[in-house]
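Residues: numbered from 1 along the sequence shown. Ligands are counted one by one from 1 in listed order, and the atoms in each one are counted from 1 as well.
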Amino acid sequence: SATILAACMFTSASAKDLVVGFSQIGSESGWRAAETTLTKQEAKKRGIDLKFADAQQKQENQIKAIRSFIAQGVDAILLAPVVETGWDAVLKEAKEAKIPVILLDRTVAAPKDLYLTAVTSDLVHEGKVAGDWLVKTVGDKKCNIVELQGTTGSSPAIARKKGFEEAIKGHDNLKIVRSQTGDFTRAKGKEVMESFLKAENGGKDICALYAHNDDMAVGAIQAIKEAGLKPGKDILTVSIDSVPDLFKAMAAGEANATVELTPNMAGPAFDALDAYLKTKKEPPKWIQTESKLYTQADDPQKVYEQKKDLGY
Ligand code: AHR
């Protein structure tokens, strides 16, 4: 009947009309670019109207974007928070406006009732996996480590440092001799690595590099080569993300290990949102993604071929 048809039309139109605001950090890394691409693809696939805002690494821009999403009356907000603290006020505003917020890939230090759920990996565990790999690889050898940290104050920088330190604790032959932020970028990773190399006898006193993401490792690998040393041999590398370029470096024998972080955080986020809007039942506060270790034993050339067209 006409009434039934009208009802159906309304249902399908309202599903299609879902408007979601996405406050993205910026485009500091290959991983971040892939997350942006995949989030847009996932939204399109599901008929979601995604309002995208690039914060260019600034929390104040993210707060402005969230306020503008609230003013526009969006149905939900995705937030990849650049730093961990300073979110309470704006998250409260979203809650008061009854707009669910889903955190993507990074966590916040705010009361849990201020967001619907967080889709992230176990960030401490990632650092631990990287550290465990190095402990196993160097055995009893003395190993001076240099560390390239992610963006200061960001949850992955804090947690990946913690996890790695936990893993090497009690192994007195392993020591972090230099640690500085490289802001998760290739350029800064290279620049900071150059200063580490200079400070450590041209790099001869460095046994391993731990980088909080692959992009910084790729920049550092370049610096190591320019210093006349062999990355992957003279200086071991372990990092996080598993972006295609790191597999390229691994295939060339210039990188040793990477812990995978999926860039498709939006898939599980939209699934959770969909279920929540349908049932009003809250999802678990944490939707955890996997952290898999890849080494040179995993046919890096093949992994590179598989990954290179996946949005990176
Ligand atoms: O929050 C995830 C991290 O942010 C990625 O590991 C890094 O590449 C990105 O910039």
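At a cut-off of 3.5 Å, with distance as the only test, no side-chain donor of Thr117 or Trp286 sits close to an acceptor on the other residue.
Geometrically, Lys307 does not engage Tyr312 in a cation-pi contact, judged by NZ or CZ lying under 6.0 Å from the ring centre and within 45° of the ring axis. Note that Lys292 lies in the cation-pi zone of Tyr294, set by a 6.0 Å cut-off to the ring centre and a 45° limit from the axis. At least one cation-pi condition fails for Lys64 and Phe69: the charged atom is not both under 6.0 angstrom from the six-membered ring centre and inside a 45 degree cone around its axis. Both tests hold for Lys280 against Tyr276: distance to the six-membered ring centre under 6.0 Å, angle to the ring axis within 45°.
The contact set between ligand 1 and Phe184, taken as ligand atoms under 4.0 Å from a residue heavy atom, comprises 7 (C), 10 (O). Interface atoms of ligand 1 facing Asn213, defined by a heavy-atom separation under 4.0 Å, are 7 (C), 8 (O).
Remark: distances from the non-hydrogen atoms of Leu261 to ligand 1 include one below 4.0 Å. Between Arg160 and ligand 1 there is a heavy-atom distance shorter than 4.0 Å.
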### Query
Hey, mind stepping through Gln149 and Thr181 against side chain to side chain donor-acceptor pair (under 3.5 Å) and telling me if it holds?
CA-CA 4 Å; Gln149 295 182 36; Thr181 182; 6.0 Å; no

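At the shortest separation from atom 9 (C) of ligand 1 among protein heavy atoms lies Glu28 OE2, 3.4 Å. Atom 6 (O) of ligand 1 has Asp241 OD1, 2.6 Å as its closest protein atom, hydrogens excluded (heavy atom only). Asp105 OD1, 3.4 Å is the protein heavy atom nearest to atom 2 (C) of ligand 1.
Annotation: His212 places no N or O atom under 3.5 Å from an N or O atom of ligand 1; distance criterion only. Considering backbone and side-chain atoms alike, Trp31 places every N or O at 3.5 Å or more from each N or O of ligand 1.
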